[in-house]
Amino acid sequence: SGVYSSRITAGEGQELRVVVCSQSRVLHAACMTGFKVFFYTSNYIEPANESGEIRFEIRTAIIIYILADKYDVPALMELAERRFKFSLSLGLTEEDYLSAVSDVYTLPVPTNALKAITVEHARRRFRGMLQGPKSDLVQTALLQIPEFALDIILVFVNTPLRGRCSSCGPDQIAEALQARCVKCGKGGISLTD
């Protein structure tokens with residue numbers, strides 16, 4: 001019908017047919033009112049980063065998440081969440097991690113899913129961060145970003161232990177007494193996973 005597509009000229013007079021993503025209610029409405037250009041292919045490629053810094057990948061995921069939220073593209077938000085979580089798993093320094101925390105918690109837009117990911121990352125590594133050589137950086141971040149500090153307290157209160165259950169698999173909530181799996185009730189959960 002041409003509602004979601006258009007022809008554009010791309011270099012040396014080559015004509016391309018472009019199809020706009022109709023997954024977004026915002027873009028659907030824009031197409032109905034004469035909106036002309038938006039490219040989304042269910043994936044995104046991060047811009048070239050010569051320094052190879054993990055912070056760049058993390059910030060890119062945060063920006064994509066915010067834009068996907070703004071333009072109501074849930075699949076792209078989920079992809080940005082997954083990339084953000086993956087980037088946090090790449091052996092960050094305390095500085096890289098705390099930079100991500102600052103970015104996520106100080107943005108003027110809601111980033112609840114990214115906040116949950118940063119808090120879960122802290123939950124898994126908090127002891128090491130507070131006992132490591134950069135513990136002063138962590139303490140400063142907790143003082144400067146009180147919402148982050150509160151979220152960490154709440155995650156420890158609500159799910160004090162997590163580990164591998166022989167029946168339910170990895171990352172299960174466990175009761176403190178006898179390390180019982182909350183899901184199936186079996187004791188002896190391994191707290192190392």
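For clarity, every value in this text was computed on a predicted model and none was experimentally measured.
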Exercise for the section: Measure across D103 and L107 and return the closest heavy-atom pair with its distance rounded to 0.1 Å. Expected result: O-CG, 2.8 Å

Exercise for the section: Could you tell me whether the side chain of K134 reaches within less than 4.5 Å of the side chain of V138, counting heavy atoms only? Expected result: no

Practice task
Any chance you could measure E81, atom CD, to I64, atom CD1, to the nearest 0.5 Å?
Solution key: 13.5 Å

Exercise for the section: State, with a plain yes or no, whether a side-chain heavy atom of Y97 is found less than 4.5 Å away from one of I58. Expected result: no

Problem - Main-chain N/O of R83 paired with S87 side-chain donor or acceptor, under 3.5 Å - result: yes

Exercise for the section: Please determine if K115 forms a cation-pi arrangement with Y105, meaning its NZ or CZ atom is less than 6.0 Å from the six-membered ring centre and no more than 45° off the ring axis. Expected result: yes

Exercise for the section: Please check if L90 and L98 belong to a single hydrophobic cluster, counting links between Ile, Leu, Val, Met, Phe, Trp and Tyr side chain heavy atoms closer than 4.5 Å. Expected result: yes

Exercise for the section: Treating Ile, Leu, Val, Met, Phe, Trp and Tyr as nodes and any side-chain heavy-atom pair under 4.5 angstrom as an edge, say whether L154 and I117 lie in one connected cluster. Expected result: no

Completion exercise
Tightest non-hydrogen contact, residues A80 and A61, listed as CB-O, 3.5 Å

Exercise for the section: Begin with the C-alpha distance, continue with both residues' side-chain angles, and end with the deciding distance and a verdict on salt bridge (Lys or Arg N to Asp or Glu O under 4.0 Å) for R55 and E95. Expected result: CA-CA 9 Å; R55 284 186 199 185; E95 291 92 342; 5.5 Å; no

Handout entry: CG-CD1 distance between L150 and I145, expressed to the nearest 0.5 angstrom
Key = 13.0 Å

Practice task
Decide yes or no on side-chain contact (heavy atoms from CB on, under 4.5 Å) for L76 and L79, but give the supporting numbers first.
Solution key: CA-CA 5 Å; L76 186 57; L79 175 62; 4.2 Å; yes

Practice task
Can you see which heavy atom on A122 is nearest to which on I152, and at what distance?
Solution key: CB-CD1, 3.8 Å

Practice task
Quick one: pull up NE2 in H121 and OG in S89 and give me the separation to the nearest 0.5 Å.
Solution key: 8.5 Å

Completion exercise
Here the gap from K183 atom NZ to S167 atom OG, rounded to the nearest 0.5 Å, amounts to 10.0 Å

Exercise for the section: Identify whether V101 and F156 are in the same connected component of the hydrophobic contact network (ILVMFWY, side-chain heavy atoms under 4.5 Å). Expected result: yes

Handout entry: I54 CD1 to R59 CZ distance, which is reported to the nearest 0.5 Å
Key = 12.5 Å

Problem - Same apolar cluster: L130 and L137, side chain cutoff 4.5 Å - result: yes

Problem - Hydrophobic cluster membership, F86 vs L88, 4.5 Å side-chain cutoff - result: yes

Exercise for the section: Establish, from distance only, whether the side-chain atoms of S99 and D96 form a donor-acceptor pair under 3.5 Å. Expected result: no

Problem - Derivation of the salt bridge (Lys or Arg N to Asp or Glu O under 4.0 Å) call for R124 and E120 - result: CA-CA 6 Å; R124 294 173 184 268; E120 185 57 33; 3.5 Å; yes

Problem - K70 side, atom NZ; Y65 side, atom OH - distance, nearest 0.5 Å - result: 15.5 Å

Exercise for the section: Using the side-chain contact (heavy atoms from CB on, under 4.5 Å) rule, take F84 and T118 through it: C-alpha gap first, then chi angles, then the decisive distance, then the call. Expected result: CA-CA 9 Å; F84 179 76; T118 59; 3.5 Å; yes

